[in-house]
Amino acid sequence: MTARRSHTGIGRREFLTRSGLLLGGTALAPTLLAACGGGGDGGGGDGRSVSISNWTSYIDPALNRAFTRRTGIKVTYTEDINDNNEYFAKIRPNLSRNQSIGRDGIVLTDWMASRLINELRWVQPLVEAEIPNKKNLRAALRSPGFDRERTYSLPWQSGVTGIAYNIDVTGTEIRTIDEFLAVEGTKTVLTEMRDTIGLIMASMGIDTDEPTFEKAAPAFDKLERAVRDGRISGFNGNEYVNDLGAGNLAAAFAWSGDVAQITRDNPKVRFAVPESGGMLWSDNFLIPKTSNRAGLASRWINFFYDPANAARLTAEVQFISPVEGVPEQLRKLGGDAAKLVDNPLVVPTEEFLAQNHIFGPLSGKEEERFDERFSQILGTG
Amino acid sequence: MNAFLARRRSRARGTVTSPAGRIGRGLVNLAAAAGLVYLFLPIFVIVLFSFNKPKGRFNAVWQEFTLENWADPFKDRALVDALGVSLRVAGIATVVATFLGTLMALALVRYRFRGGQVTNLLLVLPLTAPEIVLGASLLTLFLEPHIVLANRQFTLGFTTIVLAHIMFCVSYVAMTVKARLRGFDWTLEDAAMDLGATPTRTFLRVTLPLITPGILAAALLSFALSIDDFIITYFVAGPATTTFPIRIFGQSRTATPPQINVLATMILVGSVAVLAAGTAWGRRRARRLGLA
Amino acid sequence: MIDRDPEGRKRARLAPWLLLAPGMVWLFLFFFFPLWTLARMSLSSRPSRFANPTFDWNWSNYGDAFSRYGEQFTRSFTYAALATLATLCIAYPIAYVIAFRGGAWKNVLLGLCVVPFFTNYLIRTLAWKTILGDQGPLVEALRSLGVLAADGRLLRTPLAVVGGLTYNFLPFMILPVYVALEKIDPRLVDAARDLYATTWRAFRKVVLPLSLPGVFAGSLLVFIPAAGDFVNAYYLGSAKTTMIGNVVQDQFLVQVDYPVAAALSFVFMAIVMVSVVVYARLLGTEDLA
């Protein structure tokens with residue numbers, strides 16, 4: 001017994017050393033990695049840096065680097081916006097209590113921008129003095145209903161919602177919503193209610209400029225039937241990008257620029273504006289009220305209103321630019337970029353714009369009814 | 001007599017000679033082997049696709065073999081930053097949870113007291129509660145307007161994540177240490193005190209060294225759980241803090257760079273190495289102490 | 001001599017509570033108290049759409065929860081039950097072989113069972129998405145074998161979701177069953193054989209009943225998290241396979257309807273807690289460790 005006891009003495013020193021090393025290592029490793037990795041929260045604490053949240057596939061990363069080279073302002077760019085409602089839910093707890101969201105600039109679609117600007121007042125004005133390029137904003141977008149003087153917002157990109165499909169999986173072209181619903185294979189639509197219901201309403205001849213719940217009811221019913229019959233498998237935000245390319249989707253409601261980017265890598269994936277018309281929308285750059293770097297954020301958006309930069313952005317993301325003079329710049333870039341000038345999805349003609357629809361504004365009550373019915377069909381409401 | 005029983009035992013166990021018995025035995029072995037293959041199938045896919053050179057932004061279809069992902073595993077800065085956040089959260093949560101949990105385990109295993117059974121039950125409840133409820137309830141806690149500390153309310157972010165992680169890790173640590181302490185010979189303490197040691201000295205020089213491996217095992221478990229936690233973290237992380245799982249969730253919708261697979265494989269290999277080293281060390285130590 | 005009970009524990013009054021205090025305070029603050037705030041939220045209502053909800057004994061949230069989400073409730077419990085059954089079928093042979101035929105390799109084999117779960121939960125589920133992909137080798141093989149229709153698929157089906165749940169919670173069944181099987185004294189099996197029982201009979205009459213505590217513990221540890229999961233349904237499912245977890249996640253983090261979401265979570269939690277307490281009373285919580 002005593003002999004065994006004496007071993008404890010030698011053993012213990014080793015235990016303590018080893019356990020000490022292990023615990024030390026465990027504590028040290030994260031610090032080391034943190035030092036290498038930098039902060040995980042948004043916005044650097046030192047010097048001039050700006051933190052932006054945006055949708056995915058909405059920028060050419062080289063442009064951020066060019067901005068930093070030109071101005072010396074570091075950009076922390078996070079692609080964490082996948083859906084307007086989802087992002088709203090993320091920022092709501094903080095902004096409703098005046099707590100920082102760690103961002104100096106965010107990009108949200110018209111109707112959500114309207115909510116933040118008018119109903120909730122959670123954004124602050126852009127610093128005009130830092131945005132001399134604002135004069136390049138296209139006339140058509142200068143004075144929208146929700147922000148008459150563009151005090152709080154500037155459009156980032158506009159786009160068209162239509163149908164994306166993988167010709168290998170469907171075997172045929174798709175030109176109308178009904179063809180979309182009929183084609184065999186896995187199909188999804190967007191969690192963005194205005195896009196999904198808007199497309200269906202348009203296909204049924206229902207006006208979307210002044211939508212009401214009663215007018216939209218048949219479209220909701222049609223959507224619900226399609227889900228129940230299994231003709232629509234799911235609802236998603238940007239996720240269709242992954243599945244289309246991997247062949248897991250036959251067709252999906254999708255956003256024009258996204259699909260153009262997929263087509264670049266995989267020519268089997270095509271975009272079609274439905275014959276009854278697609279949905280036009282704009283995403284807007286906003287500065288949250290809790291940011292203390294409004295000036296820097298304004299300089300950031302100003303950079304993208306220089307026609308040369310705007311053209312580079314458009315050449316990459318292939319959405320509709322809000323900046324005047326982009327077609328000329330695209331021609332100067334030559335090659336594939338120049339060809340985009342003839343693509344109405346990137347440089348839309350008046351005629352093209354007339355053929356597509358906008359989803360009009362909804363009052364609070366109406367929006368609630370729309371949202372509730374929609375999430376019921378999603379299976380989560 | 002003992003030798004006779006031992007022979008009988010070795011002959012009876014596992015040496016069934018009837019054909020039906022052999023087939024049955026083979027089937028069970030086959031089922032177990034198939035189960036193990038099933039366990040490793042996704043791992044195989046994950047490791048395999050870390051060597052893939054994807055066409056475009058998603059790593060879902062096998063294109064061609066390449067080593068370039070492994071040459072530059074930290075290419076995706078956002079992913080690495082998120083991993084850093086996860087490691088920091090796990091580090092802090094593990095230290096605090098191990099401390100709190102070990103104390104609780106000691107209390108439950110060393111002493112017999114009124115309320116011991118109830119405490120045991122209460123300790124188990126967080127383990128069995130579904131994560132979605134834990135996350136939701138913590139979210140409502142952090143949103144409560146009436147909870148004000150130093151004139152400020154909770155802000156969803158790094159702190160709230162750490163607080164949440166400590167909570168569920170404490171239960172796991174307590175349960176693990178308790179299990180390891182089962183069968184611990186507490187009379188060793190009595191003997192030490194008989195030899196003149198004070199209770200504190202006894203604890204520090206006799207008890208603690210012997211229970212340290214159990215504590216370390218619990219700490220390791222807590223660390224692993226914290227790094228991997230998604231659901232609870234997703235509810236309380238807020239808009240500005242991204243942990244590794246949250247980053248993967250957000251990113252998986254649009255682009256899956258092979259670096260995700262590379263990092264996952266590295267973490268896997270690292271964990272296995274630590275586990276193997278820990279087991280080998282434990283075995284050597286046990287042998288040296290004459291406990292094995 | 002210090003008074004010790006058969007398990008070696010000292011009788012004491014104050015010391016254990018001192019040790020327990022810090023941990024219990026933490027659990028109280030961040031586990032029990034949040035349940036109360038959850039309950040409060042479930043009885044709140046929103047004065048306007050995006051304002052913070054205020055407490056006002058609004059019981060209609062519970063009515064909403066039951067009437068709107070009955071389908072998801074039943075679906076969640078069904079999937080969880082199926083997953084529990086599946087994990088049992090897969091885990092039992094593995095645990096049995098390791099416990100009875102593992103010998104010196106027991107710990108290594110057990111480690112092997114746990115190692116796959118050192119990868120991130122989401123990455124594992126995404127790997128299943130790749131494996132079950134429509135263009136992947138598995139689906140093609142099943143189609144050519146005729147098991148699947150020519151245009152059949154595995155993704156976005158209940159089968160994929162249950163499969164994902166089964167895989168992800170497998171170790172929670174393997175470990176408790178193994179612990180229970182390992183505790184069985186092999187001499188009992190010898191005794192059965194001495195009494196001329198076949199291996200199968202010995203298994204049925206001796207091993208199986210003695211392993212039941214492990215089976216029950218494992219079932220609990222699989223069923224509960226599986227019922228509340230949303231990741232598997234999210235990646236592998238469709239609009240018709242949504243579970244309660246998806247609803248709660250959506251209501252909290254997309255629709256921002258906190259009160260109804262809280263009511264839903266609370267009902268779900270209550271069902272789960274009641275079952276846990278009942279099980280614990282029946283079996284004693286010692287075995288759950």
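Just so we're on the same page: letters track the sequence lines, and every chain starts at 1.
Contacts of A:Arg115 classified as salt bridge (Lys or Arg N to Asp or Glu O under 4.0 Å), with partners at least two apart in sequence or in another chain: A:Glu367. A:Thr56 pairs by the side chain to side chain donor-acceptor pair (under 3.5 Å) definition with A:Asn238, not counting sequence neighbours.
If you measure heavy-atom distances from A:Ser96 to chain B, you find no contacts under 4.5 Å at all. For B:Ser86, no part lies near chain A; criterion is any non-hydrogen pair under 4.5 Å. Interface residue B:Tyr234: only side-chain heavy atoms are found under 4.5 Å from chain A.
Interface remark: of the candidates A:Asn236, A:Asp258, A:Ile101, A:Ile101 forms the most heavy-atom pairs closer than 4.5 Å to chain B. When the candidates A:Asp243, A:Ile262, A:Asn82 are compared by the number of heavy-atom contacts under 4.5 Å with chain B, A:Asn82 comes out ahead. Taking chain B as the reference chain and counting heavy-atom pairs below 4.5 Å, the highest number among A:Arg92, A:Arg97, A:Lys90 is found for A:Arg97.
Ring geometry, A:Trp156 versus A:Trp300: the interplanar angle falls under 30°, so the pair is classed parallel (tilted spans 30 to 60°).
Between the CD atom of B:Glu189 and the OG1 atom of B:Thr202 there is a distance of 6.5 Å, given to the nearest 0.5 Å. Of the inter-residue distances, the one linking A:Ile52 atom CD1 with A:Tyr58 atom OH reads 14.5 Å to the nearest 0.5 angstrom.
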